[in-house]
Structures are given as structure tokens and as C-alpha cells.
Amino acid sequence: MGKTIAQKIIAAHLLSGDLTAGSEVALRIDQTLTQDATGTMAYLALEGMNIPRVKTELSIAYVDHNTLQCGFENADDHQYLQTVAAKYGVRFSRPGNGICHQVHLERFGKPGKTLIGSDSHTPTAGGMGMLAFGAGGMDVAAAMGGGAYYITMPKMFRVNLTGALRPGVTAKDISLELLRILSVKGGVGAIIEWGGEGVSALSVPERATITNMGAELGATTSVFPSDKVTRKFLAAQGREEDFTAIAPDADAVYDRVIDMDLSKLTPRIACPHSPDNVKNVADLEDVRVDQVCIGSCTNSSLADLQKVAAILKGKKVAPHVSLSISPGSRQVLSMLAKCGALEDILASGARLLECACGPCIGMGFSPNSGGVSLRTFNRNFLGRSGTKDGQVYLVSPETAAASAVRGYITDPTTLKELPRITMPESFSTDDSGVLMPLEEAKARDAKVLRGPNIKEFPVGKALEDTIAGTVVLKVGDNITTDHIMPAGAKILPYRSNIPYLSKFCFEVCDPEFPQRAKSTENGIILGGENYGQGSSREHAALVPMYLGVRCVIAKSFARIHVANLINAGILPLTLENGEDYDSLDQGCSISLKDIHAGMKAGMLPATVGDKKIFLRCDLTPRQQNILLAGGLMKYIGEGGL
Ligand code: MIC
Ligand code: SF4
């Protein structure tokens, strides 16, 4: 039987397991990336592993999230990251150099290789035929230390593109359309491969927009073939030697095939507060806009911003609109400056922000109260912008620019002139923003600088055989890690300070939660479907663990979060009978007995008052051992890497 792209790359990196969907596979990881908001924990974990140098082909630490520096905290973290990276053999991408996924695509990604990153949008590199996964920081640390990365072998979905996009319709609209079709949980347990004749007209940055937003579908990852277009992009980046062609076999078998005719697609928009709440832009043209933000790892490539500049050229941003532009990388910004597009952007009245995540993670530029904010980003979860009642919509750069000028949501296909942008023959490639690590001999005595914001890595408790627990919080479906552990300018600087962070856990859902959880022995969280979707932040597991949560019971879980729960030593259990959710309330006591035997059997009986319920426990033997040890750090300490 022929293989899909993902199956080929997995087969070439397989350390154990087989390619049957649902079985656990261990993969050799070629490259890792971290960003600063998750990186501090990842490197604290790496330091705890007592490995002198990383063992990957390439590991890189980016600083792109926490760049506001309102106090000493971020700067201290940057210093820690820079010195720890230098010591352990990791490259360091300096603040201002760009957003991790954009820079990685430009300068480091390689078709056919594996990459894991402590950020859920790591699959962006799938746009160049790399098999790239978002993971928790501890898993990234383990991979840096030479350990395998474990995933459940996913199902294979294929999206078949036919026809060609009409002017004004973009790769972002393709992503939004797939979200409309599949929803935020439609990709769970699957790898999404993109193919068909429509693929050859999409550039690598356009493909990367699409694989980036596969994270919003809950997919394990997304990948495009590596073809002539990929070769040309790599050649223009001065690294044609990194090219390898990859395509699926003609007889590859997919579990699901979705056909999309690009010529029929119209501009799409995701309405508040979920990326799958997708409508036609044309149907919302009366909505007045307060703010427009262009950038993020989804839409900040040179071509994206050149198109924006062409729409803004000779026009002014509407007086009631505030427009921000954050270029994805220093390469993008300097090339915008060279080709004159930057001048057009500035002359329109746009506000130029740093080459960083910025408003996407609530690091500044929060909208006004109840304000309508149009963003070219990938997530519009409640409160993520920093304004709780902000109304955030997700759109393409073309829709964003056209709307910024008119002041109302605008379908860009109605514009008289639409820009045609071609990729440059060569990009300007100055890698001086990426610092090389110290040589091994010098690294041995190098000091790692640790500011007072960097607190100890919290460790979990070994899993007992009996837990008498209490439901400390009951939440609904599609709870994101932004609900569990919010980000934003006020909280994000404390990502290496779990005790401080814990005060904000579940703040958007219930501000009393931290106090209640702390004063309850053996807390249990009860969730609905797709619990823990969104970001890879392991803080959404470490903080509840710190607050005494021992177990999360849900109807279903998101992939990265369930791995983070296990790594933190929290037992994830799935309701065998979804209807039991209704009969369990906050405050009720749940007694779990014979947990160890139940884990092996895959089913745990539990009692709630005089009622018996059944909880599924789909854990591999390795995951069971991690929980028995009290989390990944303890498991590795006992020789488990
Ligand atoms: C996000 O987009 O939510 C983030 C911030 O990049 C996160 C990582 C984090 O929480 O630090 C992600 O996507 O994993
Ligand atoms: Fe940064 Fe936003 Fe991308 Fe997350 S989604 S990596 S916050 S730009």
C-alpha cells in the first residue's frame, strides 16, 4: 500500500511502533524550536535532565512573545534564555528578529525533516513539507536531550484543491473555509495533507498560512508536498541545498478526502469568539470597525504585507480606525523598506509595531471596550485580545486592509484594483539576529543568568491507588488553554513563575477558582468536549497541578493538552457515558479506587454518592508510568528518557 507524505516522514523517523492509526509511535526529532513564553520552562526542564549539550541537528530559542518589557521580568527571562541556549548548544534568535514560525520558515525549516516546537503553531513549517508538531515544553526538552517524541498515530485526511483562487481571495480564506467545514475539533486525531492541482499555484508562505491554522482544527499537524514551488522558495532564501522533493504515493490511502474548488471560494471571516464561527465577508459589510491588526505567524510574510501596502497606497486609514502592522520578521521589514512598500504603509496612517507576536497574544494593542477588531491572526478566543468584551474577527490581510480604509468590514473582491505580487528572486538574508551557541569546551564553565522572576519547576505527586476528589470547577465544551491560563501583557511576563501565575488560573471563567482549588484536597476539573484546545502552553497543566488538581474528567481532550496533563502528573479521564456530565456538579465528591489496575484495564469505575460512573483511561504503558512517577520530570529522573 502506498504512503501519504506524513507516513513517509514518520516511517523515516520511526524509533518504535507502527503506522497503524491509534497506536503509539516514537519519533526521532531533527529540529526543535522554543519561544520565550514557553521556553523558560522548557530550558528549566532541560537543565533538570543533566545533559550537557542538545542532541538534535538544530535547536533554536526564539524571543517573540514577551517583548513589551514593562518591568524587569521579561528582560530577565531573555537573559536566562540567551545564556542557557549558549551553554547547551542552542541558537538564540534575538528579540526583534521575528516571530518564531516566520523566521523558521525563512531560515531553518527543511522538507522531510521532523520538528517539534513549544508552540501550537509549529505546524506552520508543514508549508514547506516538514513534519512539524506543537508540543509542551517538557516534551521539547526531552527531544533536545535526545529522547523520542511520542504521538498517537493519526488518521490521514486529504484536502484536494482544484481550480484557482480569484483575485482578492486568499490562503487565509482557504483556512477559514476548512474551519467552517470541520470545526475546531474536526481535525483532532488527524494529519491534514494538502494536495491536488490547486496546490501548485500556492506559494510557500501561502501554504504556511494554511498549515499554521491547522492548529485551530485541532489537527496533529498539516503538511504540503515539497515541490518546484518549495525549491524556488528555498533557492530565493539562499538555501536550495536544503530542498528534497516529497509527494504522496499515487495509491496512498486517506481516511477522509475533502474537495475544495478554489474558484468558487469567497472571502471568509471568523466571527467572535471562535475560529470556526465562519461567515462570508460580504454578509457583514455593515459592521463598523474600530481596530485592524495585521501580522502574526499566520499572515505576516513579505507578500502578505506587500499586498496590504498596495491596497493602502495613496489612501488613508479611516479616522475612527486604528491600524497596526507587525511584520513577521526582520527580513520582511527590511525588504518592505527596500521596495518602498513601508512608505505606503506609513503614509496611510498605520501604526508600525515590532516584528513579534504583539497584539495576537494580547501584548499591547487591546481594542477599546466592546470594540470591533479585525485581525489577520489565527485565534479570536474570548478575552485573548486583552479586552474582555472586545469583538475579534479573523480575516485575510486583503480584507483587513480594505476594511481599515473604508472603516467597515469590506469584501476585497469589490476593490477596483487588486495587487499582484510576485516573490522576489532572492530574499535579503542577514542571519546576524540569530546568535550561535558557545563551543562545547567554553560552554562547560559558562554561567546561566537567572533573575528573581525565574522560580523553580513545580513537580507533581506520584499517582496513588485511591483518590477521594472534589469537583472544583465544571466547564463547558471547547475550553481553550487561554481560559485555563490566560496570557496578555499583565500575566505573560510571569510564565517562569508558577506561584504568581496561579492567581489568574481560569480567571475568565471563574475568578474564585484559584482560591477554591488551593483549599481543596485532590481537586477534579470537569470539562466538556475538546477540553484544552488552542495553545500548547504547559502552564495550563502545571498551574492546576500546583493548585492541587489531580485529575481532569472531560467528554474529550485536545491532543497537546492531554500530553501536558500527563507530563504534569494530572490524570486525564474521559466520561464513558457523556450523559454523566449532566449529573456531576461543581462541589460533588468523586471517589476513584483501584486506579493502578483501572489504568491498565483502560477503564476506571468511580463513585459519586451512591452512583457508579465509568471513566475511560486511554493511556499507553509509558504514559501510565509517567503518572505513577508523578510527571515527566520525575519519570526522566528515574531513568525514563
Ligand atoms: C498562542 O498563540 O496561544 C501562543 C501564545 O503562541 C501559544 C504558546 C504560549 O502560550 O506561550 C501557543 O500557540 O502554543
Ligand atoms: Fe505568536 Fe500569535 Fe503565532 Fe501564537 S499565534 S506564535 S502568539 S503570532
Side-chain angles (χ1 to χ4, degrees), residues 33-42 61-68 74 77 81 93 95 98-105 116-125 132-137 139-140 175 208-209 211-216 218 221 275 293-301 304 324 326-329 332 353-365 375-386 392 394 480-489 491-496 501 504 532-543 558-561 563-564:
L33 70 80
T34 56
Q35 41 90 335
D36 49 327
T38 51
T40 46
M41 279 297 159
Y62 292 94
V63 176
D64 53 1
H65 282 61
N66 275 319
T67 55
L68 269 189
N74 293 161
D77 284 1
L81 291 168
S93 174
I99 304 174
C100 54
H101 309 304
Q102 176 65 27
V103 178
H104 210 81
L105 194 73
I116 67 169
S118 60
D119 192 281
S120 63
H121 290 105
T122 305
T124 310
F133 306 93
D139 281 331
V140 177
S175 298
T209 294
T211 51
N212 174 282
M213 282 200 81
E216 276 52 69
T221 189
C293 303
I294 298 176
S296 92
C297 56
T298 317
N299 276 126
S300 59
S301 67
D304 277 341
S324 76
S326 337
S329 67
V332 170
L353 304 184
E354 201 177 2
C355 304
C357 302
C360 179
I361 192 56
M363 276 309 220
F365 226 81
R375 302 179 157 210
T376 66
F377 309 164
N378 45 39
R379 291 184 173 148
N380 58 347
F381 303 146
L382 182 71
R384 182 175 160 101
S385 66
V392 178
L394 306 175
T480 71
T481 48
D482 276 87
H483 291 99
I484 307 171
M485 200 51 258
I491 312 177
L492 209 53
Y494 298 96
R495 280 292 183 84
S496 37
L501 216 53
F504 304 94
Q533 67 156 331
S535 144
S536 67
R537 61 192 74 152
E538 62 193 334
H539 305 75
L542 289 172
V543 169
R559 181 187 72 91
I560 306 177
H561 187 60
N564 286 339

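Note that ligands are numbered from 1 as they come in the structure, with each ligand's atoms numbered from 1 the same way. Please read all numbers here as calculations on a predicted model, not as lab measurements.
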Item to check | Closest approach of any protein heavy atom to atom 7 (C) of ligand 1, naming residue and atom | outcome: Ser535 OG, 3.3 Å
Checklist entry - Any idea which residues sit under 4.0 Å from ligand 2, heavy-atom distances? => result His65, His101, Asp119, His121, Ser296, Cys297, Cys357, Cys360, Ile361, Asn378, Arg384
Item to check | Contact atoms of ligand 1, heavy-atom distance to Ser536 under 4.0 Å | outcome: 12 (C), 14 (O)
Checklist entry - Which residue owns the protein heavy atom closest to atom 8 (C) of ligand 1, what's the atom, and how far is it? => result Gln35 NE2, 3.1 Å
Next on the checklist: I want to check something: taking the side chain as every heavy atom from C-beta on, are Met485 and Ile491 in contact at a cut-off of under 4.5 Å?
Outcome noted: yes
Checklist outcome for this item: Rounded to the nearest 0.5 angstrom, the OG-CG distance for Ser296 and Asn378 is 5.0 Å
Checklist entry - What protein heavy atom sits nearest atom 13 (O) of ligand 1, and how far off is it? => result Ser120 OG, 2.5 Å
Next on the checklist: Tell me the protein heavy atom at minimum distance from atom 11 (O) of ligand 1, and give that distance in Å.
Outcome noted: Arg495 NH1, 2.8 Å
Item to check | Interatomic distance, Ile361 atom CD1 to Thr67 atom OG1 [nearest 0.5 angstrom] | outcome: 12.0 Å
Next on the checklist: Nearest 0.5 Å, please: how far is OH in Tyr494 from CG in Asn66?
Outcome noted: 10.5 Å
Checklist outcome for this item: Checking heavy atoms under 4.0 Å, the part of Arg384 that sits near ligand 1 is side chain
Checklist entry - Atom CZ in Phe504, atom NE2 in His539: separation rounded to 0.5 Å? => result 14.0 Å
Checklist entry - Less than 3.5 Å between some nitrogen or oxygen of Asp482 and one of ligand 1, yes or no? => result no
Checklist entry - Rounded to the nearest 0.5 Å, how far apart are SG of Cys293 and CG of Asn299? => result 12.5 Å
Next on the checklist: Using a 3.5 Å cut-off on N or O atoms only, is Thr38 in polar contact with ligand 1?
Outcome noted: no
Checklist outcome for this item: So CG of Leu81 and OG of Ser93: to nearest 0.5 Å the spacing works out to 11.5 Å
Next on the checklist: Main chain of Ala487, side chain of Arg495: is a donor-acceptor contact present, judged purely on distance under 3.5 Å?
Outcome noted: no
Checklist entry - Counting distance only, does the side-chain N/O of Thr211 pair as donor-acceptor with the main-chain N or O of Pro123 below 3.5 Å? => result yes
Next on the checklist: Suppose I only count heavy atoms of Asp119 and a 4.0 Å limit; which atoms of ligand 1 are within that range?
Outcome noted: 4 (C), 6 (O), 7 (C), 8 (C), 12 (C), 13 (O), 14 (O)
Next on the checklist: Looking at ligand 1, would His539 count as a contact under a 4.0 Å heavy-atom criterion?
Outcome noted: no
Checklist entry - Less than 3.5 Å between some nitrogen or oxygen of His65 and one of ligand 1, yes or no? => result yes
Checklist entry - In a check of side chain to side chain contact (heavy atoms under 4.5 Å, CB included) between Cys357 and each of His101, His65, Met363, which one passes? => result His65
Checklist entry - Can you list the ligand 1 atoms lying under 4.0 Å from a non-hydrogen atom of Ala37? => result 11 (O)
Checklist entry - So, Thr481 side chain and Ile484 main chain: donor-acceptor pair closer than 3.5 Å or not? => result no
Checklist entry - Would one find an N or O of Asn378, backbone or side chain, under 3.5 Å from an N or O of ligand 1? => result no
Next on the checklist: Between Ser120 and Arg379, is there a side-chain heavy-atom distance shorter than 4.5 Å?
Outcome noted: yes
Checklist entry - Do the non-hydrogen side-chain atoms of Thr124 and His104 ever get within less than 4.5 Å of each other? => result no
Checklist entry - So which heavy atom in the protein is nearest atom 10 (O) of ligand 1, and how far is it from that ligand atom? => result Arg537 NE, 2.6 Å
Checklist entry - How does Ile361 reach ligand 1, if at all, at less than 4.0 Å between non-hydrogen atoms: by side chain, backbone, both, or neither? => result side chain
